[in-house]
Structure formats: C-alpha cells, structure tokens
Amino acid sequence: MAAAVVRDGRCILSSRVHGQAELHGPYGGVVPELASRDHVRNVSDVVRMALSEAGVAPEALDGVAVTAGPGLLGSLLVGLSFGKALAYRLGIPVVGVHHLEGHLASAALCEPELQPPYLGLVISGGHTALYRIDAGAPPALLGETRDDAAGEAFDKVAKLLGLGYPGGPAVSRAAAAGDAAALDFPRPMLDREGFDFSYSGLKTAVALEVERRSAPLSEREVADVAASFEAAAVAPLVAKARAALRHQGVAQLAVVGGVAANRRLREELGRAAARDGFRVVFPPLALCTDNAAMIAAAGTRLLARGEGHGLALNSFSRVPVGETPWASPPG
Ligand code: KG4
Ligand code: ZN
C-alpha cells in the first residue's frame, strides 16, 4: 500500500510505502487475501501520512490518481474505492492509471531531460516487457516474456535457496559473494530473433541444480548458484535491450520496475551504454519498486489531457498496456 503527493507530475512532495514483506514472508510469496485485508487496515493512515509529510491539506489537491490494474483485484479495489471516495468528498477528478504506465512514468519523474522517443524496459514481479515510447502515443510493445517474469524468477530462486521473500534483493546480496561463472545456466532466448523473453526454463534449471545436490547447500554453494542465476537472468535483458535499440534506431533506454534495482543489471547496462553510445536511465531505487509517486506522475499527465474517470471507475486484474477498460463505464 502506497500513497504520494506529487506536484506538477514532477516534484515528489512525499512518498510513503507500507511494505508487506513481514506479512507474506512466512509464506514465501504474496497471499492475496492477507494483502487486501492489510490494505483496508492501512489505507487511511498511509494517505494521511503522505499528506502531512508533504504539508498539503486535502483541500489543496487537484486530483486523485489510483492504480486501476493490472494486479490483485482485492488490493486494487481497496485503493480504488478509497481514491474515489476521497475525490468525491473533495469534488476533484479521479483518474485510473495502468500499473505499468506508472512504472514507465517513474523514469521521466527523476530525469526531466528524458524525452521521447526512448525504449522502456519494464522488469517487475509480474512483467518483463520492452516498449517503444513516442510522444502522444500509447507505449508500443516490442517484446515480452512468454512465461514467467524476471522478478518472479528471482523470487522463486530465493525460495529454492532458502533466502526468503522478497527474493530479488536477497538473491542479489547472496550473489555478490559468489562466482557467476560457477554454473552454466541457460540464457533464455539469447539465440532467438525478436525481443521476447522467457524465464521458466532458467527457473527449472536452477531447481534441478539445487535438487541434484540433495544435502543442504553450503553458504558458498548458495552464493555460486545465486551469482550464476543472476548472470543468466540479466544477460537476455541486456542483449534484447541493445538489439531493440539498434533495430529501432533509438538512443535512450529507461529501465523500470523492481528488478531495475538490481546492481548487476545496472552495471552491465551501464557498460553496454558506454560501448554502444546510448543513454540509459534508471530511477532511484525507491522509485524502481512499487510506489505511489509513479502513479501520481502518470495520473497527472492523464488529467492534463482532460481524462477523468469519475465514480464508475473500476479495477481490472489483467489489462494490456495502452488499453484502459476503466475509462468507459460498463454498458
Ligand atoms: O515493480 P515491483 O516492486 O512489483 C511488481 O510490480 O511486481 O517488482 C517486484 C519484483 C520482485 O520480484 C522482486 O524480487 C524484484 O522486483 N526485485 C529485484 C531486486 N529488487 C526487487 N530483483 C532483482 N534484484 C533486485 N535488487
Ligand atoms: Zn510494479
């Protein structure tokens, strides 16, 4: 659950994130029912704290942006209902934002010079996709994962290695002490044309490797598996992004979503950028993982275009980027 106050879609006055790692940790992944109940318990406080930290009275708000999808319906509905109620009470517009368009907006939020055209690589727990961003057009999909998301693979490998939840940061920490060349895991899709990704084969390869060792892994082994997995997971992201930039004749890349926090990915893309002569933009760590400032930034743009969705606004668990099924009331 997160709430933020953003001025002009650019300046973050406050950004609160109420994490649920402790709540879901014992289960090794998100339990939807626990997530939505926790949202109900916390939504008022998180919004109140965001407002007081920003020093902004509710009456000073110009609009409310809420995530309308995709995501877990129960959790989405809590935020959406609260946002609609707040907007109704204040007599201001409410606008629904696509979660991935929020992630994409996080890049420009901290890099005002980032102007289209650029490519956006969205890597999160639910998505792995490459978009071309042009002014005045919805993001154009160039490629996406055919099965698991990259973040999902990090989370599953963390679970296999007993590193806990959320997995990405834990795998990355363990990997720092390991040898990335220790194990030769498959680098999915590297040998294929196009810009699609695949992570289920890599995940299975890691599972088989862990199984093969039957006895509990030593710290050294955990570090080596983590490092070798991380290298295999990062390689296709770098290779596909470079190929797509060349193919599209674009020289700017924005990398967003939770996995954009990964150190190895940042280093490898930084080196590729220097070699190939493109510019790569990573949001600060706090804006990579889910946050409300990115939703406010994307929502500000929609409101500036005159899009307000009114009280018929609903949430949707699955929505392709560029589509806004919530924009029109169900008929
Ligand atoms: O964007 P996000 O916060 O939530 C979704 O929209 O899914 O992304 C969460 C994902 C999780 O799978 C988490 O393991 C991964 O991002 N992640 C990382 C790192 N930090 C978070 N993966 C690799 N390295 C990291 N440092
Ligand atoms: Zn996300």
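Side chains are part of it too, since the values below use all heavy atoms of this structure and drop only hydrogens, waters and symmetry mates. Every number for a ligand or one of its atoms is a count from 1 in the order of the listing.
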Participant: Give the table of side-chain donor-acceptor pairs shorter than 3.5 Å for residues 104-120, with sequence neighbours excluded, one pair per line with atom names and distance.
Facilitator:
residue	atom	partner	partner atom	Å
Ser106	OG	His103	O	2.5
Glu111	OE1	Arg279	NH2	3.0
Gln115	NE2	Pro112	O	3.2

Participant: Restricting to N, O or S atoms of Asp290, which is nearest to the Zn ion (ligand 2)?
Facilitator: OD1
Participant: Just checking, is any N or O donor in the side chain of Ser172 or Glu230 under 3.5 Å from an acceptor N or O on the other one?
Facilitator: yes
Participant: Taking 4.0 angstrom as the limit, do Arg89 and Glu59 come out as a salt bridge?
Facilitator: yes
Participant: Does Arg264 come within less than 4.0 Å of ligand 1, judged by its heavy atoms?
Facilitator: no
Participant: List ligand 1 atoms under 4.0 Å from Gly126, heavy atoms only on the residue side.
Facilitator: 7 (O)
Participant: Determine whether more than 12 heavy atoms belonging to other residues, nucleotides or ligands lie under 6.0 Å from atom CZ of Arg266.
Facilitator: yes
Participant: Please state which protein non-hydrogen atom is closest to atom 24 (N) of ligand 1 and give its distance, to 0.1 Å?
Facilitator: Asn262 ND2, 3.0 Å
Participant: Look at ligand 1 and say whether Ala261 reaches it with a heavy atom at a distance under 4.0 Å.
Facilitator: yes
Participant: For Asp191, does the CG atom sit with more than 12 other heavy atoms under 6.0 Å from it, leaving out its own atoms?
Facilitator: yes
Participant: Could you confirm whether His127 has any N/O/S atom lying under 2.8 Å from the Zn ion (ligand 2)?
Facilitator: no
Participant: Give the numbers and elements of all ligand 1 atoms closer than 4.0 Å to a heavy atom of His103.
Facilitator: 1 (O), 6 (O)
Participant: Within the supplied structure, the quantity of interest is the number of heavy atoms (other residues, nucleotides, ligands) at a distance under 6.0 Å from Arg187 CZ; does it exceed 12?
Facilitator: yes
Participant: Salt bridge or not between Arg264 and Glu267? Use side-chain N to carboxylate O under 4.0 Å.
Facilitator: no
Participant: Above 12 or not: heavy atoms from other molecules or residues under 6.0 Å from CZ of Arg213?
Facilitator: yes
Participant: Need the ligand 1 atom indices (1-based, order shown) with element for anything under 4.0 Å from a heavy-atom of Asp290.
Facilitator: 1 (O), 2 (P), 3 (O), 4 (O), 5 (C), 6 (O)
Participant: May I ask you to identify the nearest protein heavy atom to atom 9 (C) of ligand 1, giving residue, atom name and distance to one decimal place in Å?
Facilitator: Gly125 N, 3.7 Å
Participant: Just jot down the ligand 1 atoms closer than 4.0 angstrom to any heavy atom of Thr289, in number order.
Facilitator: 3 (O)
Participant: If you measure from each non-hydrogen atom of His127 to ligand 1, which part falls under 4.0 Å: side chain, backbone, both or neither?
Facilitator: neither
Participant: Among Gly168, Ala233, Ala158, Pro166, which one puts a heavy atom closest to atom 18 (C) of ligand 1?
Facilitator: Gly168
Participant: Parallel under 30°, tilted from 30 to 60°, perpendicular over 60°: which one fits the rings of Trp326 and Phe316?
Facilitator: tilted
Participant: Who's the nearest protein heavy-atom neighbour of atom 21 (C) of ligand 1, and how far?
Facilitator: Gly258 O, 3.3 Å
Participant: Heavy-atom contacts with Asp155 under 4.0 Å: which atoms of ligand 1 show up? List them by number with element.
Facilitator: 11 (C), 12 (O), 13 (C), 14 (O)
Participant: Taking only heavy atoms of His99 into account, list the atoms of ligand 1 that are under 4.0 Å away from them.
Facilitator: 6 (O)
Participant: Can you name the residues that form a salt bridge (charged side-chain N to carboxylate O under 4.0 Å, His left out) with Arg275, not counting sequence neighbours?
Facilitator: none
Participant: With heavy atoms only and a cut-off of under 4.0 Å, state how Pro169 meets ligand 1: side chain, backbone, both or neither.
Facilitator: both
